[in-house]
Number of protein chains: 2
Amino acid sequence: MVDDLREMLKGTLEGCVLEIIGNEETYGYAITRRLNELGFADVIEGTVYTILLRLEKNGLVQVTKRPSEMGPPRKFYALNDAGREELGRFWAKWEYLSSRIDKLREGGR
Amino acid sequence: MVDDLREMLKGTLEGCVLEIIGNEETYGYAITRRLNELGFADVIEGTVYTILLRLEKNGLVQVTKRPSEMGPPRKFYALNDAGREELGRFWAKWEYLSSRIDKLREGGR
DNA sequence: TCTCGGTACTGCGTGATACCGAGTACTACT
DNA sequence: AGTAGTACTCGGTATCACGCAGTACCGAGA
């Protein structure tokens, strides 16, 4: 259908991951599946893991390792205060951007 | 207000420039001013020119050089057929992405 | 037992993009 | 002459999504 959202996802995919983590404590593999079923069909695991490592490096999440019945142990991610702030900034930016784009499209003066 | 849209603009700014050119034949400096007044306040000339050179390289625009009364000659850009197609694809991608994001935000199942 | 597929994470490298900065050059006004 | 506004070019940088190879754990079927 719509091919190659790659470039357009830059800067937004991380926010999507933050939002998913904000809804419930979860782990990389599940986040990828969630994104896929939400319509971000081409997002692959490697991408999500790089985002998660970045979030951890930037101190936006709290990480807990727990064993799994289905395979290797899972790293569960939850937002901390800094993460919730960043999520708020993300939605503010998204609202700002999308309103400008829509205005532009309407012939926008 | 909203700082650093930089990453979020990736993949969308080029589409915005295409839309502006599609509305009327215009040139780089004017496109920058137009973007600024539309709310893309931090977009600078260098960025727009790199986009315009890319559009030209990719064969999406027709370029006409014309003298100016106010300074150096201007390079006017107009969309060709390929450019109009690309613009259509851009809006399709934008619609797709923004609908998914909004769905995600609504808690979206 | 051995392989295979599904689950789960890591780490290095690539390509595309917006942005930065310095440079060039033309016009008009003081 | 000097400055400000207009107008474009080009080399370099940082960041990001993504590709890919590798590691590792588990359960089911041949």
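Numbers restart at 1 for each chain; the letters A, B, ... are given by sequence-line order, proteins then strands.
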- Query: Could you run down nucleotides 2-8 of chain C 5' to 3' and tag each one B, S or - for protein heavy-atom contact under 4.0 Å?
  - Reply: -----BS
Give the rounded distance in Å between these two atoms: [atom1] of [X] and [atom2] of [N].
| X | N | atom1 | atom2 | result |
| --- | --- | --- | --- | --- |
| A:Leu5 | D:dC16 | CG | C1' | 15 Å |
| B:Leu9 | D:dA14 | CG | C1' | 15 Å |
| B:Leu13 | C:dC20 | CG | P | 12 Å |
| A:Lys65 | D:dA24 | NZ | C1' | 11 Å |
| B:Lys57 | D:dC10 | NZ | P | 12 Å |
| A:Glu7 | C:dT17 | CD | P | 5 Å |
| B:Ile44 | C:dG21 | CD1 | C1' | 9 Å |
| A:Tyr77 | C:dC9 | OH | C1' | 8 Å |

- Query: 5'-most contact on DNA chain C: A:Lys10 or A:Phe76, nearest heavy atom basis?
  - Reply: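 In this pair, the answer is A:Phe76.
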- Message: Quick one, B:Glu86 and B:Leu55 - any side-chain contact, counting heavy atoms below 4.5 Å?
- Response: no
- Task: Would you please confirm or rule out a distance under 4.0 Å between OP1 or OP2 of C:dT17 and any side-chain N or O of B:Arg54?
- Result: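 Checking B:Arg54 against C:dT17: at least one side-chain N or O falls below 4.0 Å of OP1 or OP2.
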- Message: Strictly below 4.0 Å: does B:Thr47 bring a side-chain N or O up to OP1 or OP2 of C:dC19?
- Response: yes
- Message: Judged by each residue's nearest nucleotide on DNA chain D, which is more toward the 5′ side, B:Leu53 or A:Asp42?
- Response: B:Leu53
- Using heavy atoms to find the nearest nucleotide of DNA chain D for A:Val43 and A:Glu69 separately, return the residue whose nucleotide is more 5′.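 It is A:Val43, whose closest nucleotide lies nearer the 5' terminus.
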- Under a 4.5 Å side-chain heavy-atom rule over Ile, Leu, Val, Met, Phe, Trp and Tyr, are A:Leu87 and A:Tyr96 clustered together? yes
- Task: Among residues two or more places apart or on two chains, list those pairs meeting side chain to side chain donor-acceptor pair (under 3.5 Å) that have a residue in residues 7-23 of chain B.
- Result: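 For residues 7-23 of chain B, and leaving out neighbouring residues, the side chain to side chain donor-acceptor pair (under 3.5 Å) pairs sorted by first residue read B:Glu7-B:Lys10, B:Glu14-B:Arg54, B:Glu19-B:Trp91.
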- Query: With a non-hydrogen cut-off below 4.0 angstrom, is B:Leu52 in contact with a base, only sugar-phosphate, or nothing?
  - Reply: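 Nothing: the residue B:Leu52, judged by heavy atoms under 4.0 Å, touches no strand.
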- Under 6.0 Å from the CG atom of B:Asp42, do we count more than 12 heavy atoms belonging to anything else shown?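 Counting neighbours around CG of B:Asp42, 12 or fewer heavy atoms of other residues, nucleotides or ligands fall under 6.0 Å, so no.
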- Within the distance-only criterion (no hydrogens, no angle test), does the side chain of B:Asn80 pair as donor or acceptor with the backbone N or O of B:Arg84 below 3.5 angstrom? no
- Pairs in or reaching into residues 4-27 of chain A: which pass ring pair (Phe, Tyr, Trp, His ring centres under 6.0 Å), with residues at least two apart or in two chains?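 Pairs touching residues 4-27 of chain A that pass the test: A:Tyr27-A:Phe76.
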- Which pair of heavy atoms, one from B:Leu53 and one from B:Lys75, lies closest together, and at what distance?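 Heavy atoms of B:Leu53 and B:Lys75 come nearest at CD2-NZ, 4.3 Å.
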